[in-house]
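Each remark here refers to the structure printed beneath this line.
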Amino acid sequence: MREQLSEQRARTRARLTTGRFDVLVVGGGIVGLSTAWEAARAGLRVAVVDKGDFASATSSASSKLVHGGLRYLARGNIRLVRENHRERRALGTTVAPHHVRPLPFLVALRRGGPHGPATIGAGMLAYTALSGFADGVGRLLPPGRAREYVPALRAGSLSACGLYHDHQMNDARLAVTTARAAAESGAVLLNHAEVLGLRTVHGAVSGVDVRDGTDGTEFGIDAAVVVNAAGPWVDHLRRMEDPAARPSTRLSKGTHLVLRRHDRWDAAVTTPLDGGRVSFAIPWEDQLLVGTTDEEYTGDPAALRPSDADVDQILGEAGLSIGQEHLRRSDVVYSFSGLRVLPGGDGDTQHAKRETVVSVGRGGMVSIAGGKWTTFRDIGRKVLAHLSTALPQARPDTGIAPLPGAASPDAVEYVLGNAAPELPHDVTAHLARHYGSVSHEVLALGLDEPALLERVHPDGPDIWAQVVYAMEREWACTIDDVLRRRTTLTVRGLDTADVRERVAAVLEHDGPVAGRVDGLSRVTHL
């Protein structure tokens with residue numbers, strides 16, 4: 001497999017060094033990928049490079065929500081809430097129904113907390129009205145009724161619970177699918193490719209010099225416009241263009257925990273906190289996702305890690321409305337931190353605006369700072385409109401384009417169950433919700449080698465065909481690419497030493513799939 005991946009990357013490098021691109025995007029997070037997708041759909045020649053893996057930083061460290069923004073309503077930004085509702089509806093019904101699914105939310109109102117039932121009741125009604133009541137009417141529930149959704153609630157400490165609906169997703173899988181959409185529209189993408197410097201002609205940025213992180217090959221890419229979508233590193237790239245450039249952003253650290261789930265969770269729980277923040281407890285990938293923190297970060301983005309203080313804070317805040325028996329440190333199977341990119345300014349990060357700022361440097365490089373998962377399509381279109389002056393040949397496609405695999409996951413699951421009745425129900429459901437209608441491409445790998453349809457770990461739904469598919473079709477180059485962002489093994493706490501060793505064997509093995517099977521099938525009998 002290593003030799004095959006090397007050949008694939010060599011072919012991609014050859015394409016990147018041939019001719020001049022209209023748009024070169026530096027940064028493979030969702031903002032960069034969305035920009036590339038929209039630009040490629042507009043008929044432009046597009047390239048994308050990222051120092052790490054696609055969505056390996058901020059974009060895979062979110063709260064996994066596609067939401068209207070209840071906090072924005074509290075701040076009076078009705079226009080933004082309405083726009084967010086429109087986007088989440090489009091993602092959940094047309095663009096990515098296999099990745100984005102509706103989820104009930106309970107707002108846990110503590111006695112003596114920052115909000116009372118009357119305020120939240122009015123907020124629930126307004127919030128759902130702005131969505132056109134597409135998910136029903138938001139309302140108040142007594143604590144006992146709310147526990148029918150989430151038995152883990154500490155009903156005795158609550159006065160009421162607000163009920164509304166938003167959506168959730170697997171951010172890493174959605175980003176990889178967006179990368180695929182960009183590629184299918186003609187974009188050329190390469191991950192693990194670090195920008196060493198900017199190319200210039202008469203003071204204008206005309207491309208980048210790059211090093212392939214997998215083998216050290218250095219090469220250059222020429223482009224009419226370079227788009228800086230480097231997320232937490234956006235100012236680092238701006239200083240390549242102008243060493244005197246002042247900081248345009250500040251960073252906020254957000255940490256989340258993933259815990260084993262011991263009870264039924266039919267809704268997410270939002271706990272309002274003093275100061276305007278909230279704590280989330282969300283059923284996700286058969287686990288419980290809890291968070292988040294929000295504090296200014298001034299260190300090296302590459303050195304970001306969850307701290308013991310983060311863990312204590314998250315568990316303590318969630319425990320205001322959830323029973324402590326559901327929040328044991330011993331049940332934490334995974335933790336992660338990400339950096340929100342916020343516009344520069346004064347004040348604490350908790351109250352900073354969550355907006356996207358597009359600017360142009362003295363060398364013509366276009367920089368994008370900030371963004372939200374919910375509105376990633378809007379951000380891509382906004383950047384494309386900004387490029388129209390320099391690239392008048394662009395022909396934007398304003399239609400709602402579905403991502404690859406877009407289909408009802410229930411329908412896909414039904415088809416998979418009939419096509420491969422030997423697969424357990426949790427495996428077919430998992431494939432349907434992470435690949436949609438392209439699940440058949442994953443299953444096809446197991447036609448000749450049935451061992452690839454076996455579980456990577458006996459306690460999770462991911463199968464070995466996903467591992468091979470990630471490497472052959474989804475740009476995965478490292479073990480973490482596979483385990484953290486293409487499958488759910490890491491976030492489930494299942495990337496054991498044995499699993500990592502066997503995935504490494506697949507990655508390093510050259511030759512047909514048959515040569516890997518004996519080593520793989522044993523993992524299901526741990």
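These values consider heavy atoms only, across backbone and side chains, with no hydrogens, waters or symmetry-generated copies. In this chain, numbering begins with 1 at the start of the sequence shown.
Residues meeting the salt bridge (charged side-chain N to carboxylate O under 4.0 Å, His left out) test with R41, sequence neighbours left out: E38, D397. Taking R154 as the reference, nothing meets the salt bridge (charged side-chain N to carboxylate O under 4.0 Å, His left out) condition, with sequence neighbours excluded. Applying the side-chain contact (heavy atoms from CB on, under 4.5 Å) criterion to E148, with sequence neighbours excluded, gives R145. Shown here are the side-chain contact (heavy atoms from CB on, under 4.5 Å) partners of P102, two or more places apart in sequence or in another chain: H167. By the side chain to side chain donor-acceptor pair (under 3.5 Å) test, R484 pairs with Y334, sequence neighbours left out. With sequence neighbours left out, Q313 forms a side chain to side chain donor-acceptor pair (under 3.5 Å) with E317. Residues satisfying the side chain to side chain donor-acceptor pair (under 3.5 Å) criterion with R139, sequence neighbours excluded, are absent altogether. With sequence neighbours left out, T271 forms a side chain to side chain donor-acceptor pair (under 3.5 Å) with S321. Residues satisfying the ring-ring contact (aromatic ring centres under 6.0 Å, His included) criterion with W37, sequence neighbours excluded, are absent altogether.
Between T374 and F376, every side-chain heavy-atom pair lies at or beyond the 4.5 Å cut-off. Between Y164 and L70 the shortest side-chain heavy-atom distance falls below 4.5 Å. Side-chain contact between T293 and I314 is present, with at least one heavy-atom pair separated by less than 4.5 Å. Side-chain contact between T496 and H457: present, with at least one pair of heavy atoms (C-beta onward) separated by less than 4.5 Å. Taking 4.5 Å as the limit, every side-chain heavy atom of L288 sits out of range of all side-chain heavy atoms of I282. Side chains of H165 and S131 form no contact here, defined as non-hydrogen atoms less than 4.5 Å apart. Looking at T255 and V311, their side chains never come closer than 4.5 Å, going by heavy atoms from C-beta outward. Taking the side chain as every heavy atom from C-beta outward, V491 and T488 approach each other to under 4.5 Å.
Closest approach of C161 and A108 over heavy atoms only: SG-CA, 3.9 Å. Among all heavy-atom pairs drawn from S60 and A172, the shortest one is CB-CB, 4.1 Å. The two residues A182 and A40 come nearest to each other via the heavy atoms O-CB, 4.1 Å. The minimum heavy-atom distance between V150 and A267, with the atom names listed, is CG2-O, 3.5 Å. Here the closest heavy-atom approach between residue V278 and residue L273 is recorded as C-CD1, 3.9 Å. Closest approach of G436 to V412, counting heavy atoms only: O-CG1, 3.3 Å.
Remark: R329 does not engage D331 in a salt bridge, criterion side-chain N to carboxylate O under 4.0 Å. Between D378 and R86, at least one side-chain N (NZ, or NE/NH1/NH2) sits under 4.0 Å from a carboxylate O, which counts as a salt bridge. Taking 4.0 Å as the cut-off between side-chain N and carboxylate O, D294 and K253 do not count as a salt-bridged pair. A salt bridge is defined here as a Lys NZ or Arg NE, NH1 or NH2 lying under 4.0 Å from an Asp or Glu carboxylate O, and E184 with R473 fails to meet this definition. A salt bridge does not link R260 to D286: none of the charged side-chain nitrogens sits closer than 4.0 Å to a carboxylate oxygen. By the 4.0 Å N-to-carboxylate-O rule, D166 lies close enough to R88 to be salt-bridged with it. Using a 4.0 Å cut-off between a side-chain N of Lys or Arg and a carboxylate O of Asp or Glu, E83 and K382 do not qualify as a salt bridge. We find that R173 and E474 are joined by a salt bridge, their nearest charged nitrogen and carboxylate oxygen being less than 4.0 Å apart.
In this structure a side-chain-to-backbone donor-acceptor pair under 3.5 Å is present from D310 to S307. Under the 3.5 Å distance criterion, the side-chain polar atoms of S59 are matched with a main-chain donor or acceptor of I30. The closest donor-acceptor contact from the side chain of H434 to the backbone of H430 lies under 3.5 Å. Distance alone, capped at 3.5 Å, is enough to place a donor-acceptor pair between the R277 side chain and the T292 backbone.
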* To do: Begin from the C-alpha positions of L158 and R110 and carry the test side chain to side chain contact (heavy atoms under 4.5 Å, CB included) through to its verdict.
  => CA-CA 4 Å; L158 303 179; R110 297 174 288 121; 4.0 Å; yes
* **Step-by-step side chain to side chain contact (heavy atoms under 4.5 Å, CB included) determination, L443 to L416** => CA-CA 9 Å; L443 292 182; L416 293 179; 3.4 Å; yes
* Walk me through it: do L259 and H326 pass the test side chain to side chain contact (heavy atoms under 4.5 Å, CB included)? => CA-CA 8 Å; L259 288 80; H326 299 275; over 6 Å; no
* Trace of the side chain to side chain contact (heavy atoms under 4.5 Å, CB included) decision for V227 with V26 -> CA-CA 6 Å; V227 174; V26 179; over 6 Å; no
* Test R89 against T93 for side-chain hydrogen bond (donor to acceptor under 3.5 Å, both in side chains), laying out the working first. => CA-CA 6 Å; R89 180 67 52 193; T93 59; over 6 Å; no
* Evaluate side-chain hydrogen bond (donor to acceptor under 3.5 Å, both in side chains) for E441 paired with Y435, printing each intermediate quantity in order. => CA-CA 9 Å; E441 296 179 358; Y435 299 88; over 6 Å; no
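Sequence neighbours left out, the pairs with a member in residues 52-66 that pass salt bridge (charged side-chain N to carboxylate O under 4.0 Å, His left out) are D53-R485, D53-R486, K64-D171. Applying the ring pair (Phe, Tyr, Trp, His ring centres under 6.0 Å) test to every pair with at least one member in residues 73-96, sequence neighbours left out, gives these pairs: H85-Y127. Pairs engaging residues 255-286 under the ring pair (Phe, Tyr, Trp, His ring centres under 6.0 Å) rule: H256-F336 [sequence neighbours left out].
Atom CG of residue L163 and atom CG of residue L140 lie 9.5 Å apart, to the nearest 0.5 angstrom. Taking CG of L109 as the reference point, atom OG of S159 lies at 5.0 Å (rounded to 0.5 Å). Once rounded to the nearest 0.5 Å, the distance linking CG of L73 with CE of M124 reads 8.0 Å. Summarising the geometry, atom CG belonging to D263 is positioned 9.0 Å from atom CZ belonging to R261; distances are rounded to the nearest 0.5 Å. With rounding to the nearest 0.5 angstrom, the CZ atom of R101 is 13.5 Å from the NE2 atom of H99. The CG atom of L384 lies 13.5 Å from the CD1 atom of I379; values are rounded to the nearest 0.5 Å.
When the shell of 6.0 Å around OH of Y414 is examined, it contains 12 or fewer heavy atoms from other residues, nucleotides or ligands.
Residue L174 is tested with L403, L91, V95 for a side-chain contact (heavy atoms from CB on, under 4.5 Å); the sole match is L403.
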